[in-house]
Novice: 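Input: one structure, supplied below.
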2 protein chains.
Amino acid sequence: MRAALSERSGRRRRSDVPEATVARLPVYLRALHVLADGGSSTVSSEALAAAAGVGSAKLRKDLSYLGSYGTRGVGYDVAELVLHVSAALGLGRRWPVVLVGVGNLGHALAGYGGFDERGFCVVGLFDVDPARVGERVGEQVVRHLDELDDVVHSARASIGVITTPASAAQDVCDRLVAAGITSVLNFAPALLQVPAGVDVRKVDLSNELQILSFHEHRKAARALTGVPA
Amino acid sequence: MRAALSERSGRRRRSDVPEATVARLPVYLRALHVLADGGSSTVSSEALAAAAGVGSAKLRKDLSYLGSYGTRGVGYDVAELVLHVSAALGLGRRWPVVLVGVGNLGHALAGYGGFDERGFCVVGLFDVDPARVGERVGEQVVRHLDELDDVVHSARASIGVITTPASAAQDVCDRLVAAGITSVLNFAPALLQVPAGVDVRKVDLSNELQILSFHEHRKAARALTGVPA
DNA sequence: TTTTGTGAAATGATTCACAGCC
DNA sequence: GGCTGTGAATCATTTCACAAAA
């Protein structure tokens with residue numbers, strides 16, 4: 001028996017897009033920008049799908065969750081589709097982002113130019129190491145983590161990036177959430193515990209390498225077992 | 001009409017693990033190491049699942065693809081399971097890795113300690129910028145990209161990491177593949193074209209942020225539309 | 001009694017294939 | 001004639017729920 005949600009419908013609502021589709025929208029958006037820069041004004045699902053590295057049927061179905069923005073017999077208007085995909089991704093505004101942990105990786109990410117071009121801007125860099133506090137990185141000066149609340153509130157930031165060692169990640173995450181952050185991008189190799197309503201995505205270098213090594217291993221085994229192709 | 005593969009069976013073979021499961025094995029492995037370091041010698045699927053952030057049924061089914069390594073009524077032997085999961089991931093050996101593009105991000109990754117602890121070792125750093133060639137980073141000296149073939153062959157590397165700008169990524173990828181690399185981890189925001197038999201995984205900061213902004217946007221919309229919980 | 005391992009059911013994602021529109 | 005949008009079919013993944021083992 002479940003608490004009565006306002007309709008336990010199996011039907012998909014107009015505004016909820018499958019997770020798998022959401023994860024591909026940024027890819028489509030980037031492909032669209034490339035096409036626009038290349039001078040295309042319209043594009044077929046076939047061509048856009050090729051540029052994005054997916055099948056055309058998948059692309060069309062993905063876009064259909066956002067609305068019906070193509071023209072049969074013609075294709076999609078590139079500029080128009082950029083707007084619709086951007087809107088779906090919430091890129092009508094610029095999102096302020098705070099980053100905690102200004103070590104090697106934090107430095108690299110803070111210096112990454114793509115931030116501003118893609119709808120985000122770094123409004124605060126934080127660390128606990130006194131040797132790093134005060135250092136200038138890009139447009140920002142590294143602040144002590146104690147100033148997190150002030151910055152998150154005054155910049156109205158809701159997205160935080162964690163680039164600390166694993167041992168500090170949960171504590172930092174708790175402080176981010178306490179300050180009002182509701183989306184976290186975690187580069188630390190640690191599982192983060194967060195309250196409901198907070199989204200976490202994780203990026204982990206060694207996980208990715210281990211997934212590749214699984215496949216390498218399998219390929220090597222195949223070669224030995226004598227599978228020709 | 002398809003070329004006759006040696007049996008077009010719908011049945012899953014003993015040694016092929018679903019992709020979704022493969023992607024979780026590194027997570028389980030890390031959780032197991034944490035448990036081992038904490039002194040646990042056995043663990044139940046419930047406890048390991050909690051440590052890994054998944055449901056216990058999913059964990060058990062995932063592990064069941066590797067074999068039957070638990071004891072009913074007891075759980076899994078931590079040390080033994082570490083060995084089995086490591087073996088499945090192909091971590092019985094150390095994988096040599098080459099990295100191309102020693103900018104901000106390349107520097108950061110090259111300096112990342114976790115490499116060696118997790119079954120990998122960097123055997124070559126490459127760049128085309130003469131200003132960077134010769135620079136010492138960690139244990140390695142940055143080489144010119146022209147030396148790629150030599151190093152890949154002599155170190156028998158099969159995994160390559162790309163941390164160049166997007167504009168160089170495809171060319172670098174082609175050179176990696178030509179040198180014999182068959183697994184690529186791509187940090188450049190570009191779609192890579194590779195021949196069959198080569199695996200590519202992509203990590204993209206702005207994609208991740210845009211996925212988060214999608215959800216932030218939706219949360220904000222929900223709040224306005226007056227959804228209480 | 002406790003906990004695994006796993007068929008079977010349920011859910012989610014992808015692909016097919018074509019009606020409908022330009 | 002060409003291409004989108006989308007039901008229906010297929011395929012993949014997750015969850016359920018319980019028999020079997022220790």
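Residue numbering restarts at 1 for every chain, and letters A, B, ... go by the order of the sequence lines.
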Novice: Do L191(B) and R30(A) have side chains that approach each other closer than 4.5 Å (heavy atoms only, starting at C-beta)?
Specialist: no
Novice: Could you tell me how far apart L81(A) (CG) and dC3(D) (P) are, to the nearest whole angstrom?
Specialist: 16 Å
Novice: Give the rounded distance in Å between these two atoms: CG of L66(A) and C1' of dG5(D).
Specialist: 13 Å
Novice: Base contacts versus sugar-phosphate-only contacts with protein, heavy atoms under 4.0 Å: please encode nucleotides 16-22 of chain C as B, S and - from 5' to 3'.
Specialist: -B-BBBB
Novice: Does the side chain of I162(A) come within less than 4.5 Å of L192(A)'s, by heavy atoms?
Specialist: yes
Novice: Taking OP1 and OP2 of dG12(C), is either one under 4.0 Å from a side-chain nitrogen or oxygen of Y65(A)?
Specialist: no
Novice: Between L59(B) (CG) and dC16(D) (C1'), how many Å, whole number?
Specialist: 16 Å
Novice: Taking atom CD of E46(A) as the centre, report whether more than 12 heavy atoms of other residues, nucleotides or ligands fall under 6.0 Å from it.
Specialist: no
Novice: Between dT6(D), dG5(C), dT4(D), which nucleotide gets closest to the side-chain atoms of S68(B)?
Specialist: dG5(C)
Novice: Could you state the NZ-C1' distance from K58(A) to dT10(D), rounded to the nearest angstrom?
Specialist: 14 Å
Novice: Take the protein atom CG of D62(B) and the nucleotide atom P of dT4(C), then report the distance between them rounded to whole Å.
Specialist: 14 Å
Novice: Please state how far atom OH in Y69(B) lies from atom P in dT6(C), giving the value in whole angstrom units.
Specialist: 12 Å
Novice: Side chains of R201(A) and L212(B): does their closest heavy-atom pair fall under 4.5 Å?
Specialist: yes
Novice: Find out whether L63(A) and L81(A) are in side-chain contact, i.e. whether some heavy atom of one side chain is under 4.5 Å from a heavy atom of the other.
Specialist: yes
Novice: Please state how far atom CZ in R24(B) lies from atom P in dA12(D), giving the value in whole angstrom units.
Specialist: 15 Å
Novice: As a test of reading the structure: which of dT4(D), dT15(D), dT6(D) is closest to the side chain of S64(A), going by heavy atoms?
Specialist: dT6(D)
Novice: First locate atom CG of N207(B), then atom CZ of R118(A), and finally report the distance between them rounded to the nearest 0.5 Å.
Specialist: 8.5 Å
Novice: To the closest 0.5 Å, what do you measure between CZ (F120(B)) and CZ (R93(B))?
Specialist: 10.0 Å
Novice: What parts of residues 40-52 of chain B reach DNA chain C, counting only heavy atoms under 4.0 Å away?
Specialist: S44(B), S45(B)
Novice: For L63(A) and dC3(D), what is the distance between atoms CG and P respectively, to the nearest whole Å?
Specialist: 16 Å
Novice: State, yes or no, whether a side-chain contact exists between R175(A) and V100(A) at a heavy-atom distance under 4.5 Å.
Specialist: no
Novice: If you draw a 6.0 Å radius around CD in Q193(B), do more than 12 non-hydrogen atoms from other residues or ligands fall strictly inside?
Specialist: no
